[in-house]
Visitor: 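Next up is a structure, given as structure tokens.
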Amino acid sequence: MLNCRSILPHALVIALAGCLASPMSLARAQLSNPERDSVLFGLAVRAVRDSIGDAEYRVVLRPLASVPTIVYPTDGDFITPSAEALRARSDELKRLGIQSAPNVSRGECLGNLVPIMDTKPNGCPTRALVLAAFSMPRKGGAMYPDVVDESTLTDLNSRMAIRVIETALRPQGAITTAMDVVFALDQQRWVVQKIVKLHYVE
């Protein structure tokens with residue numbers, strides 16, 4: 001059986017090339033940029049959603065900027081894409097049966113490491129909820145300063161990455177995770193190669 005998890009120094013990598021290389025997870029490489037971006041967004045959403053278990057999953061419609069240093073986004077880290085790009089993302093979420101979310105904020109749900117006290121706000125959901133934001137695709141692999149840098153790879157034209165910020169709200173607290181979903185060309189089709197987890201905020 002394929003082992004879909006391996007550990008690298010400073011970054012948790014979930015290798016998915018063999019796990020998701022099914023017809024549903026592959027997309028034609030010869031696409032215009034809007035089409036390619038929409039397809040990669042759909043592949044990334046599905047890959048991340050399938051890795052979280054049975055928690056309710058919602059996605060912010062507006063894309064994050066393609067900036068490798070973003071790990072805990074503010075409103076200024078989101079961009080306003082073209083109406084066509086926004087509609088393509090909305091259509092993809094509908095196709096996947098995923099609801100949209102306004103943001104990835106924790107609200108009144110405090111972090112996992114905050115001690116449980118009588119004064120702790122009761123803002124966490126009774127059922128697990130995961131909110132995720134996805135950047136526009138960028139050329140190259142995973143990148144985060146002092147953690148991982150795949151910008152020097154020789155096959156950059158056959159690699160793309162999407163930064164994902166995921167906030168998991170659970171009854172016991174919240175945790176925000178930054179990760180890169182990395183894509184590679186496989187027989188002229190884009191496929192999710194791996195998910196590289198980069199940074200945690202608890």
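Throughout, numbering of the chain's residues begins at 1 and tracks the sequence. Just the heavy atoms: all of them, side chains too, but no hydrogens, waters or symmetry mates, feed the values below.
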Visitor: Hydrophobic clustering (ILVMFWY, side-chain heavy atoms < 4.5 Å, transitive) - are Ile98 and Ile195 grouped together?
Guide: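 Cluster IDs for Ile195 and Ile98 match.
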
Visitor: Apply the side-chain contact (heavy atoms from CB on, under 4.5 Å) test between Leu169 and each candidate in Val130, Val104, Leu131; give the one that qualifies.
Guide: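 Single side-chain contact (heavy atoms from CB on, under 4.5 Å) partner of Leu169 among Val130, Val104, Leu131: Leu131.
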
Visitor: How many angstroms lie between atom CG of Leu86 and atom CZ of Arg62, to the nearest 0.5 angstrom?
Guide: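 Here the rounded value is 9.0 Å.
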
Visitor: List the atom of Leu64, the atom of Ile165, and the distance in Å for their closest heavy-atom pair.
Guide: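 Shortest heavy-atom contact: CD1-CG1, 3.6 Å.
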
Visitor: Where is the tightest heavy-atom contact between Gly141 and Asp180, given as atom of each residue plus distance?
Guide: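 That closest heavy-atom pairing would be O-OD2, 4.4 Å.
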
Visitor: If hydrophobic clusters are built from ILVMFWY residues whose side chains come within less than 4.5 Å, do Val67 and Met143 share one?
Guide: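 Different clusters.
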
Visitor: Give the minimum heavy-atom separation between Cys124 and Gly173, together with the two atoms involved.
Guide: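 Scanning both residues completely, I find the closest heavy atoms to be SG-CA, 3.9 Å.
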
Visitor: Salt bridge check: are Glu92 and Arg89 linked by an N-O gap of less than 4.0 Å?
Guide: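 Salt bridge between Glu92 and Arg89, a charged N being under 4.0 Å from a carboxylate O: no.
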
Visitor: Rounded to the nearest 0.5 Å, how far apart are CZ of Arg138 and CZ of Arg163?
Guide: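 If we round to the nearest 0.5 Å, Arg138:CZ and Arg163:CZ are 5.5 Å apart.
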
Visitor: Going through the distances and angles, do Val59 and Phe41 end up as a side chain to side chain contact (heavy atoms under 4.5 Å, CB included)?
Guide: CA-CA 11 Å; Val59 172; Phe41 169 71; 4.1 Å; yes

Visitor: Side chains of Leu61 and Leu93: closer than 4.5 Å at any heavy-atom pair?
Guide: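 Contact flag for Leu61/Leu93 side chains = yes.
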
Visitor: Indicate the atoms forming the closest heavy-atom contact of Tyr57 with Ala132, along with that distance.
Guide: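 Closest approach of Tyr57 to Ala132: OH-CB, 3.5 Å.
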
Visitor: Passes side chain to side chain contact (heavy atoms under 4.5 Å, CB included), Arg46 versus Val192? Steps please.
Guide: CA-CA 10 Å; Arg46 179 184 168 189; Val192 175; over 6 Å; no

Visitor: Closest approach of Asp77 and Pro73, non-hydrogen atoms and distance?
Guide: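 Asp77 and Pro73 have their closest heavy atoms at OD2-CA, 3.2 Å.
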
Visitor: Rounded to the nearest 0.5 Å, how far apart are CD1 of Ile70 and NE2 of His199?
Guide: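 The NE2 atom of His199 is 13.0 Å from CD1 of Ile70, to the nearest 0.5 Å.
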
Visitor: Output yes when a side-chain donor or acceptor of Glu150 lies under 3.5 Å from a complementary backbone atom of Ala142, and no otherwise.
Guide: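 Looks like yes, one N/O pair under 3.5 Å.
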
Visitor: In Å and rounded to the nearest 0.5 Å, what is the CE to CE distance from Met160 to Met136?
Guide: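 Between Met160 CE and Met136 CE, I get 9.0 Å after rounding to 0.5 Å.
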
Visitor: Donor-acceptor check, side chain of Thr167 to backbone of Ser105, threshold 3.5 angstrom: yes or no?
Guide: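 Between the backbone of Ser105 and the side chain of Thr167 there is no qualifying donor-acceptor contact (under 3.5 Å).
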
Visitor: For a 4.5 angstrom cut-off between non-hydrogen side-chain atoms, does Val48 reach Phe134?
Guide: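 Val48 reaches Phe134 side chain to side chain.
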
Visitor: Is any side-chain heavy atom of Ile162 closer than 4.5 Å to one of Phe183?
Guide: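 Contact flag for Phe183/Ile162 side chains = yes.
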
Visitor: If you look at every heavy atom in Ser158 and Trp190, which pair is closest and at what distance?
Guide: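 Heavy atoms only, the tightest pair is O-CZ3, 3.6 Å.
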
Visitor: Do Leu40 and Val164 share a hydrophobic cluster, counting only Ile, Leu, Val, Met, Phe, Trp and Tyr and linking them when any side-chain heavy atoms are less than 4.5 Å apart?
Guide: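 Yes, because Leu40 and Val164 connect within a single hydrophobic cluster, where side-chain heavy atoms sit under 4.5 Å apart.
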
Visitor: I'd like to know if Tyr72 and Phe78 are part of one continuous hydrophobic network [Ile/Leu/Val/Met/Phe/Trp/Tyr, side-chain heavy atoms within less than 4.5 Å].
Guide: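 Each belongs to a different hydrophobic cluster.
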
Visitor: How many angstroms lie between atom OH of Tyr144 and atom NZ of Lys197, to the nearest 0.5 angstrom?
Guide: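 Result: 16.0 Å between the selected atoms.
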
Visitor: Would you compute the distance between atom OG1 of Thr74 and atom CG of Asn103 and round it to the nearest 0.5 angstrom?
Guide: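 With rounding to 0.5 Å, OG1 (Thr74) is 11.5 Å from CG (Asn103).
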
